[in-house]
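Below: one structure, written as structure tokens.
Bear in mind the structure is a predicted one, so any value in this text is a computation, not a measurement. In this chain, numbering begins with 1 at the start of the sequence shown.
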Amino acid sequence: MGKFLRIFFGCHGRADRSFFFRGRQFPLCARCTGELIGILCGVPIAVFIGYPPFPITLLLMAPLIGDGFLQQLTPYESNNLKRLITGLLFGAALVFLFVYFHRVCAKVAGVFLGMFMEPEKVERVMDLFL
């Protein structure tokens, strides 16, 4: 399972950037662990509570991107707690981004269906997806 997760997330799995439990290293680094938890928490949040506006979704992604670039371009070294938190925010935002992507795809499909079907039927079908 650990190899699959590393491949799926593109995780380096470095020991110095990973959490340990009972002397064993997590299969993912701290940032990817945060992303996984964020994704798993983001789905029920999006379904039961809702999702934030699109600009807020993009802002939730900014800390991970900023922290990653800052580490890459400067001698700054983030700690595992910051990596976990930025990963959590990014993972949840990724779920919300997929919701927006789904809505855009459904709207585009509705436009195409409107070219070939009666508008009332298209509206009923669109209500199922949006």
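Remark: Glu35 does not engage Arg83 in a salt bridge, criterion side-chain N to carboxylate O under 4.0 Å. Ion pairing between Glu118 and Arg124 fails under the 4.0 Å rule for side-chain N and carboxylate O.
Ile39 and Leu88 are assigned to two separate hydrophobic clusters, defined by single-linkage of ILVMFWY side chains at heavy-atom distances under 4.5 Å. Val43 is not connected to Phe101 by any chain of hydrophobic side-chain contacts under 4.5 Å among Ile, Leu, Val, Met, Phe, Trp and Tyr, and they are in different clusters. Cluster annotation: Leu81 and Phe21 are assigned to distinct hydrophobic clusters (Ile/Leu/Val/Met/Phe/Trp/Tyr, side-chain heavy-atom contacts under 4.5 Å, transitive).
Residues His102 and Lys107 are not in side-chain contact: their nearest non-hydrogen atoms beyond the backbone lie 4.5 Å or more apart. The closest side-chain heavy-atom distance from Cys29 to His12 is below 4.5 Å.
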Begin from the C-alpha positions of Phe90 and Thr86 and carry the test side-chain contact (heavy atoms from CB on, under 4.5 Å) through to its verdict. CA-CA 6 Å; Phe90 190 88; Thr86 59; over 6 Å; no
List the steps and the verdict of side-chain contact (heavy atoms from CB on, under 4.5 Å) for Ile45 and Phe96. CA-CA 9 Å; Ile45 290 170; Phe96 305 148; 3.9 Å; yes
Could you walk me through whether Phe20 and Phe26 satisfy the side-chain contact (heavy atoms from CB on, under 4.5 Å) test, starting with their C-alpha distance in whole Å, then the side-chain angles of each, then the deciding distance to 0.1 Å, before giving a yes or no? CA-CA 6 Å; Phe20 285 80; Phe26 276 30; 6.0 Å; no
Sequence neighbours excluded and cut-off under 3.5 Å, please list the side-chain donor-acceptor pairs for residues 52-68, or say none.
unit_1: Thr57; atom_1: OG1; unit_2: Pro53; atom_2: O; d: 3.3
unit_1: Asp67; atom_1: OD1; unit_2: Tyr76; atom_2: OH; d: 3.4
unit_1: Asp67; atom_1: OD2; unit_2: Arg31; atom_2: NH2; d: 2.3
unit_1: Asp67; atom_1: OD2; unit_2: Ser78; atom_2: OG; d: 3.1

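Put simply, the side chain of Gln25 never gets that close to the backbone of Asp16: no donor and acceptor are under 3.5 Å apart.
Under the side chain to side chain contact (heavy atoms under 4.5 Å, CB included) criterion, Gln72 pairs with no residue, sequence neighbours left out. Applying the ring-ring contact (aromatic ring centres under 6.0 Å, His included) test to Tyr51 and every residue at least two apart in sequence or in another chain returns Tyr100.
Remark: Cys32 SG to Ile37 CD1 distance equals 11.5 Å, nearest 0.5 Å.
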